[in-house]
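What follows is a single structure, written as structure tokens, with notes after it.
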2 protein chains.
Amino acid sequence: MPTLVEVARHAGVTPATVSNVLRNRGRVGDATRERVLAAIATLGYTPHLSARALAEGRAPTIALMVSSIANPFYPEFALAVENALRRSGQFLIICNTDGDPQTGRAYLDQIAGTLSAGVLVMNANLDFADLRATERRGAPVVLCMWERPHAEPGLPCVAVDFRLAGELAAAHLLSLGHRRIGVIVGSKPSGIHAARYEGFLDAMRAAALDGTAAPVRYARDTTQGGHDAALELLQTHPDLTALFTTNDLPALGAMQAAADLGLDVPRQLSVVGITDIRLARESRPALTTVAVPTVEAAELAVALLRELIEAPDGAAGVGRESRMCVASAPRLVIRASTGPVASGALR
Amino acid sequence: MPTLVEVARHAGVTPATVSNVLRNRGRVGDATRERVLAAIATLGYTPHLSARALAEGRAPTIALMVSSIANPFYPEFALAVENALRRSGQFLIICNTDGDPQTGRAYLDQIAGTLSAGVLVMNANLDFADLRATERRGAPVVLCMWERPHAEPGLPCVAVDFRLAGELAAAHLLSLGHRRIGVIVGSKPSGIHAARYEGFLDAMRAAALDGTAAPVRYARDTTQGGHDAALELLQTHPDLTALFTTNDLPALGAMQAAADLGLDVPRQLSVVGITDIRLARESRPALTTVAVPTVEAAELAVALLRELIEAPDGAAGVGRESRMCVASAPRLVIRASTGPVASGALR
DNA sequence: CTGAAAGCGCTAACAT
DNA sequence: ATGTTAGCGCTTTCAG
């Protein structure tokens, strides 16, 4: 592969000049520029990105930490991230942590600041201490989907109002006349989906109902998890007419459980999810859900990270941990998995 | 961030020695090694991967070219690739081409050989000429899922016998008594899925049937594509009792079309796919399909690429384009979307 | 407007 | 067993 020096020789200039035309650093005469460009073209020269990274003190890559890229939501997000990065000439390294903080730390230690200029964190079960350490080593970190716009995580983040998402989903069910609603939370009790559950409780309260009386199950954030939880819920509470689920994947699982039980969705049971992953649209019946601004969040996250990376070390200090972008509000998407509560007791 | 030189100073040795203990290049006394290790620990030193890449003349990353990471099959494959790479201390850069050769070329030109040491190609609609050019620039390329074990692509590859997959799927349908089978091919007529369709034709021929008489539709390789094709097929050929689909995603779409038409799968219509993506297991009814060795293919691809990267430039010359690994055979996975052909004419 | 020169952090001969 | 010395390819002052 040709190097910049060869291009320079070919064009009869010095490396510095080639570098200048490459980076549009003004200081080059038109004739010279032409010659350099010609040399670049005939030699088929491409900058050596690793060399450039070293010289600039900044790699052109950023790392996306996820627990597993195979979780159906993450690829949609990763795609949006990659698109945003590509537009700004950066590259995406995918780091699967398998939900294991150790693996996450190993990744951070190895690449943050040396191979990637910054880190995007998408629900990867990382230690906050490790993330802080990463920042201290000079690689900014941003949390991609912080669920509580009204509580600072202590790390730069883009926030999405998932409490509101929960509220909208629940309100939708209530407006259809449902009162006996089962809840499936796709995380541990005080885990990542807690805000969504709070939204449910808020909606119930607003309707003068006691949300805490609604039966709830905590499940893994997977189809299977939702399936099993729904099965249990429906069997122990045969009077339920609707299921509020804190994420689409378990909601889809819940619909399968209903199918397994011979229950018609939405005639006998309504199911609502949160996020609006592609599968939600493609399931039968199509899933009613609360759409979250995935692409917008990805773009905000990339923009914020860029800012932090480019900020002079000093400037980053103050208020760095208080950098929070709030993405636009979630909105209800009514599809086929929810309907009015049956007049007669169907079940 | 501390540098190797600082570690050396701290330990009272020279950079070379630190480098040696880091890379286990023998030639270091035990006492010295201890001191160096101690210095590394107290300073929290981590090698600068970009610097190392430059000095070694080889980046620790490889690029995975895919048309869109959001296609449900790719993340499963990407996960397997990332796992394999992680084990060998390498990192994964995801390159979405959006199915556009231009975008693919831009990616290849930029990073191949400068930021990534090699390229894995997963059905990204790339120009072979561009891939050859990439090889010439010193970055080995391997095709991850070559569909024809018996035809050399002219580029190193791992092959999976998709013709056989098609044959197995079709034979399964035939064994259930189906004779009026519709075909949905998830690519252009002579496109990527051609071998799978040939497998179908072979199975028909083996049963002394005229496969070419079976109605066929070419669709996009998506749920929607399969849905639309199935709808058309079922409406124009109301006598069909089964659908052979060359990929799981369109097969899933076909099942939805059946649902839309009020057809019961598998009682009135059997549907079979190919690949066995996770969704196949999770759909209702669960999809009968022919499983393809995804993880194995990913591991073979990574191993082959590594070999090519490490091969001395000269050695790589001969037989390089004839490097083909064949992954183990696909196998039929019978689930709930296929059943015996109805005795009475149900439709 | 262009050239010369000093690194960026690490590796790899080659000396000692 | 350890030290010396060049680079890897590029960027970036600072001179001219």
Side-chain angles (χ1 to χ4, degrees), chain A residues 1-37 39-40 43-60 89 110-117 137-139, chain B residues 1-37 39-40 43-60 89 110-117 137-139 312-313:
Chain A
M1 279 195 356
T3 73
L4 181 144
V5 174
E6 287 167 34
V7 171
R9 209 155 34 215
H10 199 91
V13 297
T14 66
T17 301
V18 177
S19 179
N20 281 336
V21 352
L22 245 29
R23 323 182 58 85
N24 274 316
R25 284 267 180 146
R27 347 169 118 283
V28 182
D30 281 0
T32 318
R33 158 168 287 112
E34 286 311 318
R35 259 184 308 140
V36 171
L37 258 18
I40 288 175
L43 261 39
Y45 166 80
T46 324
H48 193 296
L49 264 23
S50 293
R52 179 178 278 180
L54 181 57
E56 281 186 322
R58 161 171 320 160
Q110 283 187 89
I111 74 179
T114 77
L115 187 60
S116 78
R137 297 186 5 169
Chain B
M1 277 193 358
T3 73
L4 181 144
V5 174
E6 288 167 31
V7 172
R9 209 156 34 215
H10 199 91
V13 297
T14 66
T17 302
V18 177
S19 181
N20 281 337
V21 351
L22 245 30
R23 324 179 58 84
N24 272 319
R25 285 265 180 145
R27 348 170 117 284
V28 182
D30 280 0
T32 318
R33 158 168 286 110
E34 287 310 318
R35 257 184 309 139
V36 170
L37 258 18
I40 288 175
L43 260 39
Y45 167 80
T46 323
H48 193 298
L49 264 23
S50 293
R52 179 178 279 180
L54 181 57
E56 280 185 323
R58 164 170 317 160
Q110 285 187 89
I111 74 178
T114 77
L115 187 60
S116 78
R137 296 185 6 169
D313 273 356

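Atom set for the values below is all heavy atoms of this structure, side chains included, hydrogens, waters and symmetry mates excluded.
- The CZ-P distance, from Arg137(A) to dG9(C), rounds to 13 Å in whole Å.
- The CG-C1' distance, from Asp30(B) to dT2(D), rounds to 14 Å in whole Å.
- Remark: Ala55(A) engages no residue in a side-chain contact (heavy atoms from CB on, under 4.5 Å) (not counting sequence neighbours).
- Under 4.0 angstrom from either OP1 or OP2 of dA1(D) there lies no side-chain N or O belonging to Thr32(B).
- Across all strands shown, Thr14(A) has heavy atoms under 4.0 Å from base atoms, whether or not it also approaches the sugar-phosphate.
- Partners of Thr46(B) according to the side-chain contact (heavy atoms from CB on, under 4.5 Å) rule, which considers only residues two or more places apart in sequence or in another chain, are Arg137(A).
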Report summary line: Protein heavy-atom contacts under 4.0 Å, written 5' to 3' over nucleotides 10-16 of chain C as B (base), S (sugar-phosphate only) or - (none), form the string BSB----
Requested in this report: Could you please spell out the steps behind the side-chain contact (heavy atoms from CB on, under 4.5 Å) verdict for Leu22(B) and Ile40(B)?
Outcome: CA-CA 10 Å; Leu22(B) 245 30; Ile40(B) 288 175; 3.4 Å; yes
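- At whole-Å resolution of the value, CD in Glu34(A) and P in dT2(C) are 12 Å apart.
- Closest approach to the Leu54(B) side chain among dG9(D), dG3(C), dT2(D) is made by dG9(D) (side chain taken as heavy atoms from C-beta onward).
- Every side-chain contact (heavy atoms from CB on, under 4.5 Å) that Ser116(B) has, sequence neighbours left out, goes to Thr61(B), Ala63(B), Ile111(B).
- With sequence neighbours left out, the side-chain contact (heavy atoms from CB on, under 4.5 Å) criterion links Ala8(B) to Val13(B), Pro15(B), Val18(B).
- Contact annotation for Val18(B): no contact, since no heavy-atom pair falls under 4.0 Å across all strands.
- The heavy-atom pair separating Leu49(A) from Gln110(B) by the smallest distance is CD2-O, 3.3 Å.
- Evaluation of the side-chain hydrogen bond (donor to acceptor under 3.5 Å, both in side chains) rule for Glu6(B) yields no partner, not counting sequence neighbours.
- Looking at heavy-atom distances under 4.0 Å, Thr114(B) makes no contact with the nucleic acid at all.
- Taking atom CZ of residue Arg9(A) and atom C1' of nucleotide dC10(D), one finds them 15 Å apart after rounding to whole Å.
- Within the model, atoms OG1 of Thr114(B) and CG of Leu54(B) stand 11.0 Å from one another, a figure rounded to the nearest 0.5 Å.
- Note on the helix from dC1(C)-dG16(D) to dT16(C)-dA1(D): angle between the axes of the first and last five pairs equals 40°, rounded to 10 degrees.
- The salt bridge (charged side-chain N to carboxylate O under 4.0 Å, His left out) search around Glu34(A) returns none, not counting sequence neighbours.
- Rounded to a whole Å, the CD atom of Glu6(A) is 8 Å from the P atom of dG9(D).
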